[in-house]
Amino acid sequence: MQKDVHPSARQESTALHFYQNRQLELYASKEAKRLTLRQLVYFGRHINQERLIKSANYVRTELPVRIAHRLRDLQALPYVVVTQEGVAKVYELYWSAFEKFRRYPPIITLAENEAFCEFVNTLLNEHATVIPNLSLGLSLSSPHLPPDTLDSFMRRMLVSRISRRVLAEHHIALSESYSGRNQESNEEPHVGIIYTGLSIKQIVEHCDKLLRGTPVWPNDLPADALPEIKIDGHLETSFAYIREHLEYDFLHTFISFMLNKISRYIIFELLKNSLRATYIKYQNEASRRPIQVTIVNGENDVMIRISDQGGGLRSARNQVSKPSDLFSFSHVRNSTRLEDSRLGALRSVSLSEHGLRATVDEQIGSWQKGRTQIPTPATAVVEQILQPTIGIGLPMSYIYATYFGGTLELVSLDGWGTDVYLRLPKLGTNLEGIEV
Ligand code: COI
């Protein structure tokens with residue numbers, strides 16, 4: 001039975017709601033101050049105290065604007081969607097973050113910046129399950145939303161989330177290097193989270209190595225039964241980019257997995273798909289069907305083509321009418337979205353946050369000590385998440401690729417294989433996606 005609420009308390013809560021919504025409107029009416037990759041590098045290159053404080057206050061005032069835009073978006077959804085499992089959780093997380101940022105006082109000193117970085121870091125962790133929650137909620141909502149509406153909503157949510165995390169993580173990284181922490185002598189040149197001389201060839205080789213050592217494959221599969229990855233083209237190509245958007249950093253991703261963040265990045269994801277498709281099609285003969293990666297250093301863009309002979313995209317599992325449907329979150333375009341196994345896997349990833357969090361330190365500690373072998377529970381987690389059940393790796397890769405103006409296209413040679421074309425602007429002059 002519902003408890004009686006004292007009339008004055010009810011009045012107070014209505015007034016509070018009204019006030020909070022007015023605040024939301026105020027922030028949502030502001031335009032985001034979008035940045036380019038180049039601006040992020042230039043500003044951070046010669047960091048000093050004044051710039052660091054400016055950067056902190058930019059993050060402090062910019063993030064609530066971007067969150068307000070998405071809260072408005074969530075409010076505009078039909079009621080049947082808002083009440084789906086997962087969506088309400090994301091809405092609450094965003095309201096809470098919005099309120100905290102809005103009230104955060106201006107940052108003036110380095111000590112205040114340090115406290116601010118801690119505050120932002122806590123929020124980054126708290127938001128670890130946003131993607132699986134959203135993905136679950138919107139999959140369940142798929143029958144209630146036209147595919148275009150669903151896909152454009154998801155795109156705005158995800159682009160905006162990437163943008164907020166880029167700004168937050170970049171500021172934290174700048175603060176750490178300014179204070180002298182996180183200074184490993186053998187580190188590659190970088191400004192904040194942007195690596196200024198990223199070699200595509202090295203990224204492909206690194207992903208190849210990690211994929212062979214990752215328990216995505218049946219236990220008894222010898223690594224050399226997997227197809228070889230061959231690289232040709234302009235092997236010297238390097239450019240400035242956010243490495244984490246392209247590559248899979250094992251320690252980072254391991255920690256992320258333990259915190260239930262789904263961190264799969266473009267090149268790792270694409271190579272994984274090619275290796276898996278080729279392996280499944282040819283089993284032990286797979287090693288004779290290499291995957292060819294071609295790198296082209298264009299005037300304005302870096303282009304990467306990944307060609308495999310894994311049979312193409314119109315396999316029994318992928319009942320899509322065109323390759324780009326694989327990027328869709330709607331069951332109308334991609335029937336796997338409502339598969340029970342996928343929903344179940346998403347549910348367990350979305351909900352297990354608290355249970356896993358308690359074991360994180362212990363797991364990371366033992367993994368770091370041993371370093372040669374991943375502890376068994378981690379293997380289980382990695383294995384579970386690397387299975388194609390959750391199915392957001394490809395749409396996420398698409399969003400990452402297009403975030404700074406790149407493109408990602410799939411061409412299926414049905415019955416033969418798939419060619420994937422990834423184009424990334426290399427001058428860093430494109431603004432972040434407009435949906436922030
Ligand atoms: C997110 O991860 O969704 C965020 O908005 C992170 C931000 C609050 C720091």
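Counting starts at 1 for both ligands and their atoms, in listed order. Note that these values count all heavy atoms, side chains included, but never hydrogens, waters or copies made by symmetry.
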In the protein, which heavy atom is nearest to [atom], and how far is it?
atom: atom 2 (O) of ligand 1; result: R165 NH1, 2.4 Å
atom: atom 4 (C) of ligand 1; result: H127 ND1, 3.4 Å
atom: atom 7 (C) of ligand 1; result: L63 CD2, 4.2 Å
atom: atom 9 (C) of ligand 1; result: L124 CD2, 3.8 Å

For side-chain contact (heavy atoms from CB on, under 4.5 Å), just list the numbers for L394 and N273, CA-CA rounded to whole Å, side-chain angles, deciding distance to a tenth of an Å, and then say yes or no. CA-CA 9 Å; L394 208 48; N273 289 347; 3.8 Å; yes
Mind checking whether Y58 and F43 have ring centres under 6.0 Å apart? no
In ligand 1, which numbered atoms sit nearer than 4.0 Å to a non-hydrogen atom of Y94? 3 (O)
So L422 and T407, side-chain contact (heavy atoms from CB on, under 4.5 Å) or not? Walk me through it. CA-CA 6 Å; L422 171 65; T407 55; over 6 Å; no
Ignoring hydrogens, just give me the one of R164, H171, R70, K100 whose non-hydrogen atom is nearest atom 5 (O) of ligand 1. R164
Using 30° and 60° as the class limits, which term best fits the ring planes of H127 and Y94: parallel, tilted or perpendicular? parallel
Quick one: do E432 and R66 make a salt bridge, cutoff under 4.0 Å? yes
